[in-house]
Amino acid sequence: MKLKILKAISGDLHMHIDRVFNDLSEKKKIEYNLQDVIDYYLKETNKALILSGLTRQSVETKRDIAFIFYCLSCPFYYHNSVDELIGRSKRIETIKKLKIPSQKYGTYIRSAKHFYKLYSDYRIMIDAAVEYIQKK
């Protein structure tokens, strides 16, 4: 019985999976500007971007901006929580522009992923930023 049901829906499921994969692959090809992310984040949060030093505020600001850019650049993670590596050029651009130590970039992203999964207010803030920048 279960096999008959699975056989009946497998064609539709295959088409749906292909469509979702193709849509996300197209979104991955879109190039977003890191400066747009920085400008939006600073405007919305009324925070200053402090590039030197490791104060709590500067680390949180850099983490949030890096994660928003990661979500824009990695649609498979953002839409389906599938771990995805950001492109090398985008990672280097983020590291240089935000002055993040290169060995700490992964820590910033892992920390933001943790916050995104656990805290709804953080998730709402990230989702709003991603949606706004995608519409731009």
K.L.:
Got a second to check how far D36's CG is from I68's CD1, nearest 0.5 Å?
P.N.:
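It comes to 12.0 Å.
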
K.L.:
Would you check, one step at a time, whether the test side chain to side chain donor-acceptor pair (under 3.5 Å) holds for D127 with Y116?
P.N.:
CA-CA 10 Å; D127 290 344; Y116 188 76; 2.6 Å; yes

K.L.:
Students often mix this up, so state it plainly: with edges at 30° and 60°, are the rings of F115 and Y119 parallel, tilted or perpendicular?
P.N.:
tilted

K.L.:
Within this structure, what is the CG-CD distance for the pair L98 and E93, rounded to the nearest 0.5 Å?
P.N.:
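The CD atom of E93 is 9.0 Å from CG of L98, to the nearest 0.5 Å.
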
K.L.:
Check the pair T94, I65 against side-chain contact (heavy atoms from CB on, under 4.5 Å), reporting the backbone distance first and the verdict last.
P.N.:
CA-CA 9 Å; T94 305; I65 292 169; over 6 Å; no

K.L.:
Taking C-beta and beyond as the side chain, do Y32 and K90 meet within less than 4.5 Å on heavy atoms?
P.N.:
no

K.L.:
Please name the pair of heavy atoms, one in S102 and one in I95, separated by the smallest distance, quoted to 0.1 Å.
P.N.:
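Heavy atoms only, the tightest pair is CA-CD1, 3.9 Å.
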
K.L.:
Any side-chain heavy-atom pair from H79 and V20 closer than 4.5 angstrom?
P.N.:
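Sidechains of V20 and H79: no contact.
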
K.L.:
Does any N or O in the side chain of K62 come within less than 3.5 Å of the main-chain N or O of L51, such that one atom is a donor and the other an acceptor?
P.N.:
yes

K.L.:
From K117 NZ over to S81 OG, what is the distance, rounded to the nearest 0.5 angstrom?
P.N.:
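Spacing of NZ (K117) from OG (S81) equals 6.5 Å.
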
K.L.:
Is it possible for you to check whether K97 lies under 6.0 Å from the centre of the six-membered ring of F69, through NZ or CZ, and within 45° of that ring's axis?
P.N.:
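Geometry flag: not set, cation outside 6.0 Å or 45°.
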
K.L.:
Decide if atom NZ of K47 counts as having more than 12 heavy atoms of other residues, nucleotides or ligands within a radius under 6.0 Å.
P.N.:
yes

K.L.:
Could you please spell out the steps behind the side-chain contact (heavy atoms from CB on, under 4.5 Å) verdict for T61 and Y41?
P.N.:
CA-CA 8 Å; T61 301; Y41 181 83; 3.6 Å; yes

K.L.:
Do L24 and V82 sit in one hydrophobic cluster, given that two such residues count as connected whenever their side-chain heavy atoms are within less than 4.5 Å of each other, even indirectly?
P.N.:
yes

K.L.:
Do L85 and Y105 share a hydrophobic cluster (ILVMFWY, side-chain heavy atoms under 4.5 Å, transitive)?
P.N.:
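No, separate clusters.
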
K.L.:
List the steps and the verdict of side-chain contact (heavy atoms from CB on, under 4.5 Å) for Y78 and E84.
P.N.:
CA-CA 9 Å; Y78 181 67; E84 185 177 4; over 6 Å; no

K.L.:
Run D39 and K43 through side-chain contact (heavy atoms from CB on, under 4.5 Å) and show every step you take.
P.N.:
CA-CA 6 Å; D39 294 341; K43 183 182 76 168; over 6 Å; no

K.L.:
Transitively linked via ILVMFWY side-chain contacts under 4.5 Å: I109 with L54?
P.N.:
yes

K.L.:
For the CZ atom of R63 and the NZ atom of K113, what is their distance to the nearest 0.5 Å?
P.N.:
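It comes to 14.0 Å.
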
K.L.:
Any donor and acceptor pair, going by atom type alone, linking the side chain of S111 with main-chain N or O of T107 inside 3.5 Å?
P.N.:
no

K.L.:
Under 4.5 Å between side-chain heavy atoms, counting indirect links through other Ile/Leu/Val/Met/Phe/Trp/Tyr residues: same cluster for I133 and F76 or not?
P.N.:
no

K.L.:
Measure the SG-CG distance between C74 and N80 for me, rounded to the nearest 0.5 Å.
P.N.:
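The CG atom of N80 is 12.5 Å from SG of C74, to the nearest 0.5 Å.
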
K.L.:
Would you kindly confirm whether L118 and V59 end up in one hydrophobic cluster when ILVMFWY residues are joined by side chain heavy atoms under 4.5 Å apart?
P.N.:
yes

